[in-house]
Amino acid sequence: MDGMDGARPRAPERIAQQEWPTGAAEARALQERLAPLVRHEALDSGAVSLVAGLDVAYSADDDRLAAAAVVLAAPEWEAVDSATVVSSPRFPYVPGLFAFREAPALLEAVARLRTQPDVLLCDGFGVAHPRRFGLACHVGLALDRPVLGVGKTPFVGRADEPAPQRGAWSPLVDGGEVVGRCLRTRAGVKPVYVSVGHRVDLASAADLALRAAPHYRVPEPVRHADRLCRERLAAA
DNA sequence: GCGACAG
DNA sequence: ATCTTGTCGC
């Protein structure tokens, strides 16, 4: 785990296969090495039509988990494809090391999709993370696709309360830098936290998150994925 | 040292 | 994440 010569990951696809961390210290080190590879790129959210939502559900009694990937089509957000995977966690839950727990199953679910989404939306964070490498970044680099993260509760940083109307937002700041956006997707309802995963910039990510959430607080793709993985867990 | 801490 | 019903309000 040290080959400090050519061991630096260049091909994102290798993240899920080689050097999978066995402990927390190792996992954090991997995040620090991969964080610089995250790219912020402008994305024409108006040209986006297929958005995948990713989420995971856990069993209450046994140690199973179900991951779901659902592709919805704008502007009505009807589901056009989906895939689920049932497995068990390969890493304990440690705040900040979320991806090592959920990414394997999520990536497998995405691999089973027959439709290639334009963007993927994760239930969690991207660069709004202690080491600037949350789940959405992990998934983004692994797939080398545009990914953004939407979290329901703040993890790092602080943000002022956005104005009460839908669309209002305030920057999420951590350590002196803007790592995300506190966005009001629904008037008078608690805001969500959007951050860049990979290959999108913050403005594009927030714009997409807002248009993907025309009725509820949580974006449709994530809501759908949430529902699907729960059903899958109950059925299997 | 202590508390906080995505799902 | 998960354990959990009804209820108030738009």
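Letters A, B, ... mirror the listed sequences (proteins, then strands); counts begin at 1.
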### Task
Starting from P on B:dA6, measure out to NE2 on A:H138 and report it in whole angstrom.
18 Å
### Message
Below the 4.0 Å mark, does C:dA1 have OP1 or OP2 next to a side-chain nitrogen or oxygen of A:S59?
### Response
no
### Message
Parallel, tilted or perpendicular: which one describes the rings of A:F91 and A:F100, with boundaries at 30° and 60°?
### Response
tilted
### Query
Between A:P219 and A:L121, what is the shortest heavy-atom contact and its length?
CB-CD1, 3.8 Å
### Query
Stacking check: are the rings of A:F98 and B:dG7 less than 5.5 Å apart at their centres and under 30 degrees in tilt?
no
### Query
Within the structure shown, what part of the strands sits under 4.0 Å from A:Y58 by heavy-atom distance: base, sugar-phosphate, or nothing?
sugar-phosphate
### Query
Between A:L135 (CG) and C:dA1 (C1'), how many Å, whole number?
14 Å
### Query
So what does A:L233 hit on the nucleic acid, given a heavy-atom distance under 4.0 Å: a base, only sugar-phosphate, or nothing?
nothing
### Query
When all nucleic acid strands are considered with a 4.0 Å heavy-atom cut-off, which category describes A:L65: base, sugar-phosphate, or nothing?
nothing
### Task
Using a strict 4.0 Å threshold on nitrogen-to-oxygen distance, state whether A:E161 and A:R184 make a salt bridge.
yes
### Touch class at under 4.0 angstrom, heavy-atom based, for A:P154 against every strand present
sugar-phosphate
### Query
For A:G149, which contact category applies under a 4.0 Å heavy-atom criterion: base, sugar-phosphate, or nothing?
nothing
### Task
Can you tell me the distance, in whole Å, between the CZ atom of A:R64 and the C1' atom of C:dT2?
14 Å
#### Entry: Protein-nucleotide distance (A:F133, atom CZ; B:dA6, atom C1'), rounded to Å
15 Å
#### Entry: Under-4.0 Å salt bridge between A:R227 and A:E231
yes
#### Entry: Separation of C:dC10 P from A:Y216 OH (nearest whole Å)
17 Å
